[in-house]
Amino acid sequence: MRLSQFHLATVKEVPADAEIASHRLMLRAGMIRRLASGLYTWSPLGLRVLRKVERIVREEMDRAGAIELLMPSIQPKELWEETGRWEKFGGQLLKIKDRKQQEFCYGPTHEEVITDFARNELKSYKQLPINFYQIQTKFRDEIRPRFGVMRAREFLMKDAYSFHLSQESLAETYAAMYQAYVRVFTRLGLTFRAVQADSGAIGGHGSHEFQVLADSGEDTIAFSDGSDYAANLEKAEARAPTASRPAATAPLQKVDTPTQKTIASLASFLGISPRQCLKTLLVRGVNGVVALCLRGDHELNEVKAGKLAELPGAPVLASEEEILAACGTRPGFIGPLGLPDSIPVIVDRDAALMADFVCGGNTYGTHYTGANWDRDTRISRITDLRNVVEGDASPDGHGTLHIARGIEVGHVFQLGQKYAEALHATVIDESGKAQLMTMGCYGIGISRIVAAAIEQRHDAAGIIWPEAMTPWRVAVCVINPKNASAAVNDAAEALYQALSQRGIETVLDDRGLRPGNMFADMELIGIPHRVVVSERGLAAGTLEYRGREESESRTVSQDELFALLA
RNA sequence: CGGGGUAUAGCUCAGUCUGGUAGAGCGUUGCGUUUGGGACGCAAAAGUCGGGGGUUCGAAUCCCUCUACCCCGACCA
């Protein structure tokens, strides 16, 4: 590509509300332009990168035996009513009407459509297993779109859906998809982790997320330094403590804590560590409120709590009125001692090992010190309720957990029969009977990968593309082409041709900008290799090369350059 | 959904409190000087001040209203 024939549109300034590096750099490099909230145009430059990612994903899906198709982005209401998701999906579902007032949605995902396709197309067990995928634009009406294409409303996604007659067959395809994803992210040159994920309300047997590690990530993941164990924080199990509870030694005493409503203020007021305090949360349960107890330095894991039989779903903290009615005090002074028997006291495994602890006094402005389980108060149930923290033992018994931030770019999921059941997707088995199919689904956020890669790989000058994603591998920069001798321009042109003929994607910067502008642009848009052609070098018969991550350029011959790029 | 903020030149933003000639930087166009790390000079084009309504002799500025966009929050005791 000759840049003089391209539309490169870098800018110096970006809106103050572009907060994260990838968003700012994509705007500055001119990869995307915002059309409306959560909607972006991909410029020619941005599209080159997006297509690179798409291509690698497509190649690896094909290699893993998935078959590409393309479903409509607009989907009829009736299909979504069959699975009950027309109502259940919530505000993220963009609903639209046609001229006849028929209702549709812009597809946020395609389980309904693919299952409808499968129930019509697949008749016999002999057609299974089969795995269909598409690369399609999706729309989710996010509450708060932000960070550019990272959390946009319209985005490009690869989604695959596999169909099986047995769990074993599903497990095989699941494993193949997992391996395909490992290949995709490895080829893209990204630092990532495959982590165990919570399979959510849908149920199912297995789920892994592929997380690109980046400090700005919206997800928190835990991984072991002594094994392959890695899990989303939501899912990560806090290993059962092996120690036993120390004996009670302190007498139970009530102390005045007039303003100490938080663990932090309580601990500093009493001169103790937060881990000697007990945190008691009152949440809405199936029948009245439920008390959840954690060590003061731990945090409630909402996913774990949401699975408790005593709770109707994700935990919702009780209101001040409910708390006053249930235990006669206000937030900040709640404790398990003396709670009515009707309130279950569910205690985290680590909190259950506390002795001589501090907890709320259940009257305004007081706490107990020297409190002890059994002696002073009851426990209804002991379970894992907390988020793991840095330094916890890995739940598989090998190594120590570390916490990192990640950007979810892929998700593989054993769906089971939820959609097949709702849509009656069956095939005839060997004995001639209709059998519900079992499904898996596998997503990759193509457009999000572009942002995630930049998030992981950039410096003060701009983007640093991995070779697999870069719009061009090499930039040939001509110094002062308008006034240089014909020999300089000819040499640049010849080098550009030679590189292109070797199959190396090359961009020739023949715009005639001043060198500083040209170099800054090439660094901003992240081209991995830069070659400068000038009078100076031409006289010596050499080229000047600089890698994107190198701080100094070096002199090379043309052959050395080709070897470098081979 | 609740709270807050913003909307002025292609872009990034001043100007609004205290009503009186529409501003800057960057970018763009032209001319000239420059030419190895975001050059310099001169000249120029470019704005229904988000839309509508009101107050006023006079509104970017005050009031009402609508729209769009952004941020924070949705309760960890």
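First the proteins, then the strands, lettered A, B, ... as listed; each starts at 1.
Taking every side-chain heavy atom of A:Glu19 into account, B:C71 is the closest of B:C69, B:C11, B:C71. Minimum atom distance to the side chain of A:Glu302 is reached by B:C76, of the listed B:G37, B:U12, B:C76. You'll find that the side chain of A:Ser37 is closest to B:C70, out of B:C70, B:C76, B:G38. With distances taken from any side-chain atom of A:Ile143 to the nucleotides B:A74, B:A39, B:C76, the minimum falls on B:A74. Among the nucleotides B:C76, B:A39, B:C70, the one closest to any side-chain atom of A:Leu281 is B:C76. Closest contact between the side chain of A:Asn480 and the listed nucleotides B:G27, B:C76, B:U35 involves B:U35. Closest to the A:Val316 side chain, of the nucleotides B:C75, B:C76, B:G37, is B:C75. Distance from the side chain of A:Ala520 is smallest to B:G37 among B:U34, B:G37, B:C70.
Nucleic acid contact class of A:Arg546 (heavy atoms, under 4.0 Å, all strands): base. The residue A:Leu294 sits apart from the nucleic acid: no heavy atom pair falls under 4.0 Å. Residue contacts shown for A:Pro515 are limited to sugar-phosphate atoms, with no base heavy atom under 4.0 Å away. When heavy atoms are screened at a 4.0 angstrom cut-off, A:Arg386 is found touching no nucleic acid atom at all. Contacts of A:Glu523 with the nucleic acid, taken as non-hydrogen atoms under 4.0 Å apart, include base atoms. A:Ile323 comes within 4.0 angstrom of a nucleotide base, judged by non-hydrogen atoms across all strands. At the heavy-atom level, A:Arg330 lies nowhere under 4.0 Å from the strands shown.
When the C1' atom is used for both B:A68 and B:C26, the distance is 25 Å, rounded to whole Å. Straight-line distance between the P atoms of B:A22 and B:U18: roughly 22 Å, to the nearest whole Å. For the P atoms, the distance linking B:U8 with B:C13 amounts to 10 Å, nearest Å. Using C1' as the reference atom, B:G51 and B:A46 are 22 Å apart when rounded to the nearest Å. Taking the C1' atom of each, B:G23 and B:U16 are spaced 14 Å apart, rounded to whole Å. Atom name P, nucleotides B:C57 and B:U65: the rounded distance is 24 Å, in whole Å. Using atom P as the reference point in both B:A59 and B:U21, the two lie 11 Å apart (nearest Å). Across the P atoms, B:G10 and B:C49 are found 12 Å apart, a figure rounded to whole Å.
When the C1' atom of B:C76 is taken as reference, atom CD of A:Gln260 falls 18 Å away, rounded to whole Å. Rounded to an integer number of Å, the gap from CZ of A:Arg24 to C1' of B:C11 is 17 Å. Look at CZ on A:Arg536: it is 9 Å from P on B:G37, rounded to the nearest Å. Atom CG in A:Asp141 sits about 12 Å away from atom P in B:C1, given to the nearest Å. Going from atom CE of A:Met26 over to atom C1' of B:C11 covers 19 Å, rounded to whole Å. Atom P of nucleotide B:C75 and atom CG of A:Leu282 are separated by 15 Å, given to the nearest angstrom. Distance A:Leu8 CG to B:G27 P: 15 Å, rounded to the nearest Å. The distance from atom CZ of A:Arg284 to atom P of B:A74 is 15 Å, rounded to the nearest whole Å.
In this structure, A:Arg514 reaches the B:A39 phosphate: one of its side-chain N or O atoms is under 4.0 Å from OP1 or OP2. OP1 or OP2 of B:G27 has at least one side-chain nitrogen or oxygen of A:Lys12 nearer than 4.0 Å. Contact annotation: A:Asn517 side-chain N/O to B:G37 OP1/OP2 distance is not under 4.0 Å.
Remark: A:Glu523 engages A:Arg530 in a salt bridge, criterion side-chain N to carboxylate O under 4.0 Å. Residues A:Arg448 and A:Glu455 are not paired through a salt bridge, judged by the lack of any N-O separation under 4.0 Å between the basic side chain and the carboxylate. Between A:Asp141 and A:Arg153 there is a salt bridge, since a side-chain N of the basic residue sits under 4.0 Å from a carboxylate O of the acidic one.
For A:Asp521 against B:G38, a side-chain-to-base donor-acceptor contact under 3.5 Å is present. Put simply, the side chain of A:Glu13 and the base of B:G27 share no donor and acceptor less than 3.5 Å apart. Between the side chain of A:Arg511 and the base of B:G38 there is no donor-acceptor pair of N/O atoms closer than 3.5 Å.
Under the 30°/60° scheme for interplanar angles, the aromatic rings of A:His402 and A:Phe223 are found to be tilted. Ring orientation note: the planes of A:Trp373 and A:Phe357 are tilted relative to one another, at an angle of 30° to 60°.
Pair check for B:A24 finds B:U12; Watson-Crick or G-U wobble, both atom distances under 3.5 Å. Nucleotide B:C1 is matched to B:G73 when pairs are restricted to Watson-Crick or G-U wobble geometry with both distances under 3.5 angstrom. Pair assignment for B:G30: B:C42, on the basis of Watson-Crick or G-U wobble contacts that are both within less than 3.5 Å. Under the Watson-Crick and G-U wobble criteria, each requiring two contacts below 3.5 Å, nucleotide B:G19 is left unpaired. Look at B:A60: it lacks any Watson-Crick or wobble partner with both distances under 3.5 angstrom. Under the Watson-Crick and G-U wobble criteria, each requiring two contacts below 3.5 Å, nucleotide B:A7 is paired to B:U67.
Under the side chain to side chain contact (heavy atoms under 4.5 Å, CB included) rule, A:Arg386 has a single partner from A:Asn301, A:Asp297, A:Leu300, A:Asp350, which is A:Asp350.
A residue-by-residue look at A:Glu544 and A:His298 shows that A:Glu544 has its nearest nucleotide of RNA chain B further toward the 5' end. When the nearest nucleotides of RNA chain B are assigned to A:Arg530 and A:Arg146 by heavy-atom distance, the more 5′-ward of the two goes with A:Arg530.
Between A:Val533 and A:Leu495, some side-chain heavy-atom pair lies under the 4.5 Å cut-off. In this structure, the side chains of A:Leu93 and A:Lys95 come closer than 4.5 Å at one or more pairs of heavy atoms. Side-chain contact between A:Glu493 and A:Leu508 is present, with heavy atoms from C-beta onward closer than 4.5 Å.
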